[in-house]
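Below is one structure, written out as structure tokens; comments come after it.
So you know, we letter chains A, B, ... as the sequences are listed, proteins then strands, and number each from 1.
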Amino acid sequence: MGILSELIKGLRVTGGIMIRTIAGNELVTTEYPKEMRVKPQRFHGRHVLNRYPDGMEKCIGCELCAGACPAQCIYVRGEDNDPDNPKSPGERFGYVYEINMLRCIFCGLCVEACPTEAITMTHLFEFSTTNREDAIYTKETLLMDRRGSVPHMFPDDELVDLDELDSADGWVRATAPSGVAAYQGIEMWQGTPGPGDWSPEPTQEERDRLSRDRTSDG
Amino acid sequence: MATTAPGNLLMTTIDRAARWARTRSMFPASFGLACCAIEMMATGAAHYDLGRFGMEVFRASPRQSDLMVVAGRVSQKMAPVLRQVYDQMPDPKWVISMGACASTGGMFNNYALVQGVDQVVPVDIYVPGCPPGPQSLMHGILTLHDKIMKGEINN
């Protein structure tokens, strides 16, 4: 008799959780391709090369990121700016900029090493490839366009969320001192805060509550 | 080994049905080698639930699996084992190289590790990340499904 009552006691918990899960209140599964998990603010995704608001490239081709990279996946070559038509405010600009995303370990040391905040990390993580050549990102793919959005390797892929590109973490902190004069002294912000302006992250309880709210809504 | 049917009307329909069936019941071999395996386990667990794609059973035997997720760094000593497991899998079979170490050696550019498992087995999908999160891995898996359905990857 003891075994039976213990069995019922145990299965009551299982059954209760099953019923509550079926009722939809405690579903923990996120339906990934349809529903994206809210990524943490400091998520380390693929890189982006930023621009100043006047369109100048921030990268000055100093190769500090390549030196800091523990996986040695960054290749940079700098070249002198044309004085009449400069690409970046300064003597030099990044002429070649390549990152091998398959070798990259997304540690963020390049971001820390960059003296001009030219390279930052986005929240993008969907870039599986079928060959190794596709994973070498050149400057074309890395450099943000003048709207402040990031180009994607596979824009036609149905799994790619292009809206996410617009919310990419490409912040702009200061204006180029030798850029277009109209932008002198103007600070522009693009949605996400700069490095000194993080709001405190939610505690674990708040995060649990948020995810519960989100799943019960959907 | 050819796994596509000859190209007439009946056979292309059967081929499509076969491709659909293959993508909907792809059993991964459990080949977790390092920290990527933790993320692979998380992908199979409740929060991400690979069972939605019919692939929650990580088979312990390569003879029962179609897909090998190489999750983690492959040392030179592990390379023959990896090849043997791959050879023991029945056709059609696919390989996902998960993470920086499996794909290119990652930050471990030294004599101990294979610099990319494509030197040992043919790789269909490379998933970047260190380690790739569950959603990254699922993106790789869904890309593989997509390519199989379109017939871009046959075997």
Side-chain angles (χ1 to χ4, degrees), chain A residues 17 21 26-40 43-47 68-74 99-110 121 123-137 153-154 156-161 164 208 211 214-215, chain B residues 35-36 39 42-53 56 73 94-110 115-119 122-150 152-153:
Chain A
I17 286 178
T21 309
E26 290 191 7
L27 267 180
V28 290
T29 310
T30 46
E31 303 265 329
Y32 158 63
K34 283 174 264 169
E35 173 196 355
M36 306 291 279
R37 198 184 119 222
V38 180
K39 287 188 263 320
F43 183 83
H44 283 196
R46 61 153 274 198
H47 307 80
C69 181
Q72 295 166 349
C73 67
I74 307 182
I99 298 182
N100 186 348
M101 285 295 168
L102 280 179
R103 212 170 251 285
C104 175
I105 59 165
F106 300 93
C107 58
L109 287 184
C110 49
M121 283 173 140
H123 287 180
L124 302 173
F125 60 88
E126 292 169 310
F127 39 102
S128 309
T129 58
T130 48
N131 57 63
R132 283 168 72 156
E133 286 75 27
D134 276 358
I136 297 172
Y137 279 29
M153 279 296 265
F154 313 108
D156 300 329
D157 192 337
E158 56 197 33
L159 294 170
V160 166
D161 185 9
E164 202 182 0
D208 289 346
S211 68
R214 195 166 45 78
T215 43
Chain B
C35 32
C36 280
E39 298 291 327
T43 317
H47 277 87
Y48 297 98
D49 197 10
L50 273 182
R52 292 183 287 128
F53 311 112
E56 75 277 22
R73 76 284 177 282
W94 299 277
V95 178
I96 290 181
S97 168
M98 178 183 180
C101 301
S103 304
T104 59
M107 65 182 290
F108 305 114
N109 190 0
N110 58 33
Q115 299 295 306
V117 287
D118 54 351
Q119 296 175 12
V123 176
D124 294 306
I125 298 285
Y126 298 89
V127 183
C130 186
Q135 289 185 327
S136 291
L137 178 60
M138 271 197 282
H139 179 259
I141 289 167
L142 291 170
T143 312
L144 180 66
H145 285 183
D146 190 46
K147 302 268 180 200
I148 292 170
M149 280 305 283
K150 283 181 185 160
E152 290 173 31
I153 299 172

Verify side chain to side chain contact (heavy atoms under 4.5 Å, CB included) between A:T130 and B:I125, making sure each step is shown before the conclusion. CA-CA 5 Å; A:T130 48; B:I125 298 285; 3.7 Å; yes
Taking the side chain as everything from C-beta on, heavy atoms only, tell me whether [X] gets closer than 4.5 Å to [Y].
X: B:T143; Y: A:E126; result: no
X: A:T30; Y: B:Y48; result: yes
X: A:P33; Y: B:R52; result: yes

Contact leader toward chain B among A:L102, A:I105, A:N100, where contacts are heavy-atom pairs under 4.5 Å: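 Heavy-atom pair counts peak at A:L102.
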Quick check: are there more than 12 heavy atoms from other residues, nucleotides or ligands sitting under 6.0 Å from CD of B:E56? yes
Tell me the closest heavy-atom pair linking [X] and [Y], and the distance in Å.
X: A:T29; Y: B:A46; result: OG1-O, 2.8 Å
X: A:N131; Y: B:Y126; result: CA-CE1, 3.6 Å
X: B:P128; Y: A:F106; result: C-CE1, 4.3 Å
X: B:T104; Y: A:R103; result: O-NH2, 2.6 Å
X: B:A100; Y: A:C104; result: CB-O, 3.7 Å

To the nearest 0.5 Å, what is the distance between CZ on A:R132 and CG on B:D118?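 Those atoms lie 4.5 Å apart.
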Any idea which of B:Q115, B:M107, B:K147, B:Q135 has the most non-hydrogen atom pairs under 4.5 angstrom with chain A?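 Looking at each of B:Q115, B:M107, B:K147, B:Q135 in turn, B:Q135 comes out on top.
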Side chain to side chain contact (heavy atoms under 4.5 Å, CB included) between B:H139 and A:Y32, intermediate numbers included: CA-CA 9 Å; B:H139 179 259; A:Y32 158 63; 3.6 Å; yes
Would you say A:S128's side chain and B:L137's backbone share a donor-acceptor pair under 3.5 angstrom?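 Side chain of A:S128 to backbone of B:L137: no pair is present.
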